[in-house]
Engineer: 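Supplied in structure tokens, the structure appears directly below.
The model shown is predicted, which means the values in this text are computed figures rather than measured ones. Residue numbers start from 1 in every chain, and the chains themselves are labelled A, B, ... in the order their sequence lines are given, proteins ahead of strands.
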Number of protein chains: 2
Amino acid sequence: MDRAPARPRRRADAERSIERIVSAARERLSRDPDATVDDIAKAAGVGRMTVYGHFRTRPELVEAALAGALRAGEETLGGVDLGGDARDALTRLLASSWALVAESAALLTAAQDVLAPGRIRDLHGDAADRVENLVRRGQRQGVFRTDLPVAWLVSSMQYILHGAAEEIRAGRLANADATRIVTATVLSILRR
Amino acid sequence: MDRAPARPRRRADAERSIERIVSAARERLSRDPDATVDDIAKAAGVGRMTVYGHFRTRPELVEAALAGALRAGEETLGGVDLGGDARDALTRLLASSWALVAESAALLTAAQDVLAPGRIRDLHGDAADRVENLVRRGQRQGVFRTDLPVAWLVSSMQYILHGAAEEIRAGRLANADATRIVTATVLSILRR
DNA sequence: GTTATGTCGTACACGGGTGTACGAGTTAAT
DNA sequence: ATTAACTCGTACACCCGTGTACGACATAAC
């Protein structure tokens, strides 16, 4: 966030390092929320001191990783057509992005340990809003249930996604089946 | 496990201490998987050294807490009538035990950090089997879906329960509504 | 080619949790 | 009432991750 326009002066190799570090942080923190700064540095093929050269503290690094994942998510979500039948829209949304959302969710729990609650809402807010709006539209169309709180419906989707990612990680679910299974499960929850 | 018949000799106050410690461990670890031995000791109204007097290491304490929770779970689950229509049976099962299962799930993730995988399966195995059998019976009765793997159906139930507990903890879900919401959600997932 | 910037190893101070050692005081068992 | 079991504070050694300091070397920028 402040890394783009903060100091206009930055060398090309520094740019490259930062990108590799943030990318490694996303990858590692998604698998282990307690991943060490040293772990991340190693995964990025970089010395620990280099990391501290760009991120003063570990929380700052975690925040950058979360921001990066959310920005990537925004791009993907932005390209999905959310019009038409809400069920179809949701199916399209899940097909193109469920894995990414699930990964971000894991990273998000990692962030919850070290970042202030308000900070997270700021970064994550509108991503969640988008889904919530889609659910509401489905309700207005009469295809989604209205007997449960919207907040719960959205949350339960999150938990299903998170769970599916976990099952894959543990080898109990094949990656090929995942999209179909996740979609079917989520639609079942929302169905009127 | 080895605490009952290990040394037949144990004083009444020691018995009391152990019970309070295990109980406190269940309570605290369900809220924070990284709870300190000292945290647990304080919650039990006992000195840290007393804890180490009964449990040599922290993992050993975690295991005792998990075992205690599962034993309590077995008692509750054992008292539920699982006959008749599988949907009704599942509703009864959830009504009487969802909170407990959800709590144990949180404790279970705490245990996953410190215990060997095999150790957990040993303790948790038949509790999961019971639910799985109920799901299979529902499929045979034609009231539960068969287009998704049974293992996934059971897992997704777990994740929903876990999520509901989380929502309550965060204050986003009222305890009074929880049973109804959880039941409705789970039945929606299983419905044919 | 000079200079500022970035890389990164070693070393260290610090904090926090774990597990051990000692020992004095307390309480149940008989 | 004597004994063995239990409680529990203080103190300490240990490990591990964080963040800082110093400094040598490499490399991009001009």
Engineer: Would you mind building the protein contact string for nucleotides 23-30 of chain C? One character per nucleotide, 5' to 3', B for base within reach (heavy atoms under 4.0 Å), S for sugar-phosphate only, - for untouched.
Structural biologist: ----BSS-
Engineer: Nearest whole angstrom, please: distance from the P of C/dT18 to the CZ of B/F55.
Structural biologist: 15 Å
Engineer: Taking only Lys NZ, Arg NE, NH1 and NH2, and the carboxylate oxygens of Asp or Glu, determine whether B/D32 and B/R28 approach each other closer than 4.0 Å.
Structural biologist: no
Engineer: Can you tell me how far P of C/dG6 sits from CD of A/E19, to the nearest Å?
Structural biologist: 16 Å
Engineer: Please determine whether a side-chain nitrogen or oxygen atom of A/H54 lies at a distance below 4.0 Å from atom OP1 or OP2 of C/dT7.
Structural biologist: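 For C/dT7, OP1 or OP2 has a side-chain N or O of A/H54 closer than 4.0 Å.
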Engineer: Go through the structure and list residues passing salt bridge (charged side-chain N to carboxylate O under 4.0 Å, His left out) with B/R191, not counting sequence neighbours.
Structural biologist: none
Engineer: On the nucleotide D/dC6, are OP1 or OP2 found under 4.0 Å from the side-chain N or O atoms that B/T50 carries?
Structural biologist: no
Engineer: With A/S23, which residues qualify under side chain to side chain contact (heavy atoms under 4.5 Å, CB included), at least two apart?
Structural biologist: none
Engineer: Would you be so kind as to tabulate the donor-acceptor pairs closer than 3.5 Å made by side chains of residues 78-88 of chain B, with sequence neighbours excluded?
Structural biologist:
residue, atom, partner, partner atom, Å
B/D81, OD1, B/G83, N, 2.9
B/D85, OD1, B/R87, N, 2.6
B/D85, OD1, B/R87, NE, 3.2
B/D85, OD1, B/D88, N, 3.4
B/D85, OD2, B/R87, NH2, 3.0

Engineer: Output a table of donor-acceptor pairs, distance under 3.5 Å, between side-chain atoms of residues 65-77 of chain A and any protein atom two or more places apart or on a different chain; print 'none' if there are none.
Structural biologist:
residue, atom, partner, partner atom, Å
A/E74, OE1, A/R130, NH2, 2.7
A/T76, OG1, A/A72, O, 3.2

Engineer: Summarise how protein sits on nucleotides 11-18 of chain D as a single string, 5' to 3': B when a protein heavy atom is under 4.0 Å from the base, S for sugar-phosphate-only contact, - for no contact.
Structural biologist: B-----SB
Engineer: Run the side-chain donor-acceptor check on residues 100-116 of chain A: report pairs under 3.5 Å with partners two or more places apart or on a different chain.
Structural biologist:
residue, atom, partner, partner atom, Å
A/S104, OG, A/L100, O, 3.0
A/T109, OG1, A/A106, O, 2.6

Engineer: Distance from A/Q139 atom CD to A/L134 atom CG, nearest 0.5 Å?
Structural biologist: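 Taking CD in A/Q139 and CG in A/L134, the distance rounds to 10.5 Å.
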Engineer: Rounded to the Å, how far apart are A/I18 CD1 and C/dT5 P?
Structural biologist: 14 Å
Engineer: If the condition is salt bridge (charged side-chain N to carboxylate O under 4.0 Å, His left out), which residues does B/R31 pass it with, not counting sequence neighbours?
Structural biologist: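 B/E27.
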Engineer: According to salt bridge (charged side-chain N to carboxylate O under 4.0 Å, His left out), who are the partners of A/D147, at least two apart in sequence or on a separate chain?
Structural biologist: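 Per chain and number, A/D147 pairs via salt bridge (charged side-chain N to carboxylate O under 4.0 Å, His left out) with A/R145.
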Engineer: Output all residues satisfying salt bridge (charged side-chain N to carboxylate O under 4.0 Å, His left out) with A/D122, sequence neighbours left out; order by chain, then residue number.
Structural biologist: A/R119
Engineer: Between side-chain atoms of residues 151-162 of chain A and protein atoms elsewhere (two or more places apart, or another chain), which donor-acceptor pairs fall under 3.5 Å?
Structural biologist:
residue, atom, partner, partner atom, Å
A/W152, NE1, B/T185, OG1, 2.9
A/S155, OG, A/A151, O, 2.9
A/S155, OG, B/E167, OE1, 3.4
A/S156, OG, A/W152, O, 3.1
A/S156, OG, A/L153, O, 2.9
A/Y159, OH, B/E167, OE2, 2.8

Engineer: When the C1' atoms of the five terminal pairs at each end define the local axes, what inter-axis angle does the helix from C/dG1-D/dC30 to C/dT30-D/dA1 show, to 10 degrees?
Structural biologist: 30°
Engineer: Check the distance between C/dC8's P and A/K42's NZ and give it to me in whole angstrom.
Structural biologist: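 The distance from NZ of A/K42 to P of C/dC8 comes to 12 Å, rounded to the nearest Å.
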